[in-house]
Amino acid sequence: MRAATISCDVLVVGGGAAGVAAAVAAGRAGAQVVLLERYGFLGGLATAAQVGTICGLYLRDTAHPKATPVAGGFIMEFAGRLERAAGASRIRLDNGLWVLPYPPPVFASLADALVSESEKVSVMLHTTVAEAQAEGPRLVEVRALAWNEPVVLCPGAVVDCSGEATAAALAGAGVENGAGDQAPSLVFVMENVDPGLAERGLLEVRRELRQAVEKGSLPALCERLALVPGTGADGHLALKINLAQASSDLPLWQQMTAWERQARALVDELQRFLIANTACCRNARLSSVAPQLGIRSGRRIRGRATLADRDVLDARKSAQGVARGCWPMERWGNAPRPEMTFFNEGDYYEIPLDCLRPVELDNVLVAGRCLSAAAGAMTSARVIGTALATGWAAGTAAAFQALGRPLDDAVATLRQQMN
Ligand SMILES: Cc1cc2nc3c(=O)[nH]c(=O)nc-3n(C[C@H](O)[C@H](O)[C@H](O)COP(=O)(O)OP(=O)(O)OC[C@H]3O[C@@H](n4cnc5c(N)ncnc54)[C@H](O)[C@@H]3O)c2cc1C
């Protein structure tokens, strides 16, 4: 089969939060953009794993009645349009953390609208990148299967937003495997649940689960059930079951297959148990299960700079800062609840452009979960608000590179937009 060849200024690999922001940024900066996504819809984990709330948009704050944005620019455009389209509004959780709940289909259609509005962006869905070729420090060719037909892409610059630094790794960039850093979760939705449950929390449900686990009638992992905030008031309650961290050296594809099957079997047991044994779910039904298991950390690049845990906890700023993070470190390990490490209320840290640049490749940037960060720092920088921000920064910088403009000018533009 002969492969079609497609040239562009900027190629964006992966249409999750980071990839959508990168494609829109590069298009608005004047570059011809191709956005590749392996699924038939955009949004990445935000839609495929039905995450359900955006973190990292507003500063932590226990005092004021209104949320303060962490930065201006695209992330606030995205949040504002999502709020209007979903009829949703931001909510404050424990410890002053603000989140924006959203229905996953609304996130996907907003992502579609944003890329469609830019005549410079072409989207290729059902397109999976499988090879990338570098000549010296330049990535020159990416090969993919587009609905099972081979295509060759020849870009001026590449933004890798695959969540796994796939294009960068295939082209020879140094990477780190973070798959074992955090536990994955599968989200599922029950309908016709007692609406009071969302307010009361899972205390009573957990008691029932514990007894069943102790009797040996449910697997121990069933106790690791959590609520998705902002759901349940209309009787549709989103829940997530948290698996154990990877403990072996299985290849990633083998680990993913095992996790997906284990999580889906647990959801099946859990929903039957909840309906049969808890008053709040007596009349409930399983409504949907996310198409993809939620992976909190995967492969990431070793960048020209690396975001350190102390950068996050000391809320460090940088003259090269192109994106802001404001979410605490939130590490999901093998305990039922995440381990939270906070920095000062009302503050944020900055992510320097060099955290988005692999050491080995000059015309490649990364964003979202692929950026160069220590394991702890990534538990903060991975959230959707920050992924949108790093995506926007990487897309802008890639467009400047492809159009022959200095990267320092991109940094200056981005810093102005953040303010
Ligand atoms: C269970 C769970 C709960 C979470 N809860 C929250 C929360 O409440 N709030 C929050 O803000 N964040 C949350 N997060 C984190 C957040 O959802 C993700 O870190 C964020 O969405 C990552 O965005 P991304 O664009 O970097 O990557 P992804 O969303 O992973 O996007 C990567 C995209 O690349 C595509 N892709 C991958 N490989 C290829 C390839 N070879 N070719 C073509 N396309 C490819 C994928 O299909 C995907 O669309 C949660 C994460 C998990 C797992």
Side-chain angles (χ1 to χ4, degrees), residues 11-23 34-58 75 79 93 97-102 104 107-108 111 124-132 142-146 151 153 159-170 178 182-188 226-231 238-243 252 259 263 290-300 325-327 330 332 338 366-371 378-391 394:
L11 174 67
V12 180
V13 177
V20 167
V34 173
L35 169 62
L36 304 185
E37 167 53 44
R38 70 177 160 186
Y39 292 148
F41 53 92
L42 298 174
L45 290 178
T47 51
Q50 298 184 349
V51 160
T53 52
I54 304 188
C55 306
L57 292 172
Y58 313 104
I75 61 167
L93 308 175
L97 292 169
W98 288 92
V99 299
L100 177 61
Y102 65 88
F107 193 110
M124 294 174 67
L125 297 177
H126 292 296
T127 302
T128 305
V129 167
E131 277 179 57
V142 167
R143 289 179 175 265
L145 275 182
V151 287
L153 295 119
V159 189
D160 188 337
C161 299
S162 62
E164 298 281 337
T166 303
L170 288 170
Q182 293 195 75
S185 303
L186 185 63
V187 174
F188 62 103
L227 280 176
V228 175
T231 66
L239 295 151
K240 53 189 170 192
I241 180 73
N242 300 300
L243 302 187
L252 286 178
W259 267 335
Q292 195 206 296
L293 183 73
I295 296 297
R296 291 191 168 86
S297 57
R299 197 166 43 206
R300 52 186 182 258
C326 61
W327 196 250
E330 178 183 337
W332 288 77
V366 305
R369 293 189 298 125
C370 315
L371 69 83
M378 181 54 83
T379 66
S380 162
R382 70 190 170 89
V383 296
I384 297 170
T386 317
L388 287 167
T390 56

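Residues take their numbers from the sequence shown, with the count starting at 1. Atoms within a ligand are numbered from 1 in the order they appear, just like the ligands themselves. All values derive from a computational prediction rather than experimental measurement.
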Provide the number and element of each atom of ligand 1 under 4.0 Å from a heavy atom of [X].
X: I54; answer: 11 (O)
X: G368; answer: 26 (O)
X: G294; answer: 53 (C)
X: S185; answer: 1 (C)
X: G44; answer: 29 (O), 31 (O), 48 (C), 49 (O)
X: L45; answer: 17 (O), 18 (C), 21 (O), 28 (P), 29 (O), 30 (O)
X: Y39; answer: 47 (O)
X: V383; answer: 10 (C), 11 (O), 12 (N)

Please check if the side chain of [X] supplies one atom and the backbone of [Y] the other of a donor-acceptor pair under 3.5 Å.
X: T127; Y: L36; answer: no
X: Q292; Y: A49; answer: no
X: T386; Y: R382; answer: no
X: T231; Y: P229; answer: no
X: S185; Y: K240; answer: no

N/O of [X] under 3.5 Å from N/O of ligand 1, yes or no?
X: C55; result: yes
X: I295; result: no
X: A18; result: yes

Where is the tightest heavy-atom contact between [X] and [Y], given as atom of each residue plus distance?
X: S162; Y: A165; result: OG-N, 3.1 Å
X: P338; Y: E330; result: CB-CG, 3.9 Å
X: P184; Y: L293; result: CB-CD2, 3.8 Å
X: A168; Y: D160; result: N-OD2, 2.9 Å

* To do: Answer yes or no for E37: is there a heavy-atom contact with ligand 1 below 4.0 Å?
  => yes

* Asked: Hey, does A17 sit under 4.0 Å from ligand 1 if you only count heavy atoms?
  -> yes

* Asked: Does any donor atom in the side chain of T379 or R296 lie under 3.5 Å from an acceptor atom in the other side chain?
  -> no

Only heavy atoms count here, so choose which of [options] is nearest to [atom].
atom: atom 17 (O) of ligand 1; options: V51, V366, T47; result: V51
atom: atom 41 (N) of ligand 1; options: V129, L36, L57, T379; result: V129
atom: atom 50 (C) of ligand 1; options: R296, Q292, R382; result: R382
atom: atom 32 (C) of ligand 1; options: C161, G43, A132; result: C161

Closest protein heavy atom to [atom], given as residue, atom name and distance to 0.1 Å:
atom: atom 23 (O) of ligand 1; value: A387 CB, 3.9 Å
atom: atom 21 (O) of ligand 1; value: I384 CG1, 3.5 Å
atom: atom 34 (O) of ligand 1; value: G14 CA, 3.2 Å
atom: atom 27 (O) of ligand 1; value: R369 NE, 3.8 Å
atom: atom 37 (C) of ligand 1; value: S162 O, 3.3 Å
atom: atom 39 (C) of ligand 1; value: R38 CD, 4.0 Å
atom: atom 10 (C) of ligand 1; value: T53 O, 3.3 Å
atom: atom 31 (O) of ligand 1; value: G16 CA, 3.5 Å

Do [X] and [Y] come close enough that some side-chain heavy atom pair is under 4.5 Å?
X: T166; Y: V13; answer: no
X: I75; Y: L57; answer: yes
X: Y39; Y: T47; answer: no

* Classify the ring geometry between Y58 and W98 as parallel (under 30°), tilted (30 to 60°) or perpendicular (over 60°). => perpendicular

* Residue part near ligand 1, for T127, under 4.0 Å between non-hydrogen atoms -> backbone

* **Step-by-step side-chain contact (heavy atoms from CB on, under 4.5 Å) determination, Q50 to V228** => CA-CA 10 Å; Q50 298 184 349; V228 175; over 6 Å; no

